[in-house]
Amino acid sequence: MGTIFNEKVIEDFMHMCHDGVRQGWHERNGGNLTYRMRPEEVEYCSRFFDKKPRDWVKMPVQADNLKNEFFITTGSGKFLENVELEPQKNIAIVEINDAGDSYRIVWGLEGGGRPTSEFPTHFMNHSIRKRVTNGENRVIYHAHTPFIIALTQVLPLKAEIFTRMLWKSATECCVVFPGGVGVVPWMVPGGADIAKATCAEMEKYDAAIWAFHGLFVSGPDFDTAFGLMHTIEKAAQIATYALAANGGKKPNQVITDDNLRAIGKEFGVVLNEEVLNYKSDDDMFC
Ligand code: 2HA
Ligand code: ZN
């Protein structure tokens with residue numbers, strides 16, 4: 001009858017954790033990943049569910065459009081580095097109740113544990129992204145991306161300024177995130193308040209920076225979500241190097257707004273006009 005690890009979605013989930021570790025984004029227990037399962041994936045995995053599910057746990061958040069969904073999630077306090085070594089101890093499948101306000105573990109986290117400490121933010125982001133993408137988005141991913149974190153200590157914490165900088169770091173960035181990237185100011189992680197603030201950004205963008213902390217991205221599948229995280233973080237790395245190489249001053253030459261428009265036209269993507277037309281003295285990349 002095989003094992004739960006024969007199911008491709010479980011394999012892909014574990015692989016993505018490892019990909020993030022390889023990038024250096026998951027020191028200790030940093031970062032977390034959740035995936036909203038398809039009915040056929042739940043059906044296959046259900047034969048491996050615990051005979052007796054664990055107790056329902058009430059969440060500080062609620063979502064009507066996630067009632068009775070199943071999620072794969074990393075565990076709170078668990079190291080993403082250990083997911084490939086001992087997945088059954090470091091990840092779980094949780095079921096959401098009829099009211100959309102509680103979860104229970106149906107598989108995994110053997111020996112005890114809870115879903116990621118950021119489950120409220122993941123859960124609410126899933127709700128928003130499911131709605132705004134008509135059910136297409138299934139992945140929410142959080143990583144401690146060092147160059148993004150560094151730049152939140154240097155640049156104004158505004159979505160338009162960060163997006164313009166990231167678009168202008170390298171030519172094809174604007175094709176990967178034409179809608180832009182949101183910014184959440186410093187907040188205490190783990191609770192309902194930061195979940196709500198992140199949701200406000202996820203209404204408009206498929207990625208949100210957490211100042212002094214890292215990045216949240218969403219996507220329809222693991223590759224797209226990982227690729228978005230990777231592209232944004234690499235753009236931040238290039239911007240950091242360019243600023244540092246120029247002594248922290250405004251770059252001597254940049255990809256212009258008209259260059260961005262030309263890329264959008266050629267690649268058939270619609271760049272966020274509000275960001276494209278944003279003008280500010282604080283923008284070093286104009
Ligand atoms: O899982 O990254 O934000 C640890 C974290 C919390
Ligand atoms: Zn974190």
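First listed ligand is number 1; within each ligand, the first listed atom is number 1. Throughout, residue positions are numbered sequentially from 1 according to the sequence presented.
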Review point. Could you go step by step and tell me if Arg104 and Asp55 meet the side-chain contact (heavy atoms from CB on, under 4.5 Å) rule?
Key: CA-CA 6 Å; Arg104 66 177 176 184; Asp55 293 338; over 6 Å; no
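Residue pairs meeting the salt bridge (Lys or Arg N to Asp or Glu O under 4.0 Å) criterion with at least one member in residues 76-93, sequence neighbours excluded: Glu86-Lys89. Sorted by first and then second residue, the pairs that involve residues 111-138 and meet ring-ring contact (aromatic ring centres under 6.0 Å, His included), not counting sequence neighbours, are Phe71-His126, Tyr103-Phe119, His122-Phe216.
Side-chain contact annotation: Asp206 with Ser218, donor-acceptor N/O pair under 3.5 Å absent.
Below 3.5 Å of separation, one finds an N or O of Gly31 facing an N or O of ligand 1. In terms of polar-atom proximity, defined here as any N/O pair under 3.5 Å, Trp210 makes no such contact with ligand 1. Checked against a 3.5 angstrom limit, the closest N/O atoms of His213 and ligand 1 fall inside it.
Residue nearest to atom 3 (O) of ligand 1, selected from Arg28, Glu27, Glu118, Lys78: Glu118 (by heavy-atom distance).
Of the options Ile72, Thr73, Val94, a side chain to side chain contact (heavy atoms under 4.5 Å, CB included) to Thr34 is made by Thr73 and by none of the others.
Relative ring orientation between His142 and His144 is described as perpendicular, the plane-to-plane angle rising above 60° on a 0-90° scale split at 30° and 60°. The aromatic rings of His26 and Tyr141 are tilted relative to each other, their planes meeting at an angle between 30° and 60°.
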Anything under 3.5 Å between a donor and an acceptor, one on a side chain of residues 225-236, the other on a protein residue two or more places apart or in another chain? List them.
unit_1, atom_1, unit_2, atom_2, d
Thr231, OG1, Gly227, O, 2.6
Glu233, OE1, Ile148, N, 3.1
Glu233, OE2, Phe147, N, 2.8

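Only protein N, O or S atoms were scored, and 3 of them lie under 2.8 Å from the Zn ion (ligand 2).
For the pair Phe79 and Asn82, the minimum side-chain heavy-atom distance is below 4.5 Å.
The protein heavy atom nearest to atom 4 (C) of ligand 1 is Asn29 O, 3.1 Å. Among protein heavy atoms, atom 5 (C) of ligand 1 sits closest to Asn32 ND2, 3.5 Å.
Atoms of ligand 1 found under 4.0 Å from any heavy atom of His142 (numbered from 1 in listed order, with element): 2 (O), 3 (O).
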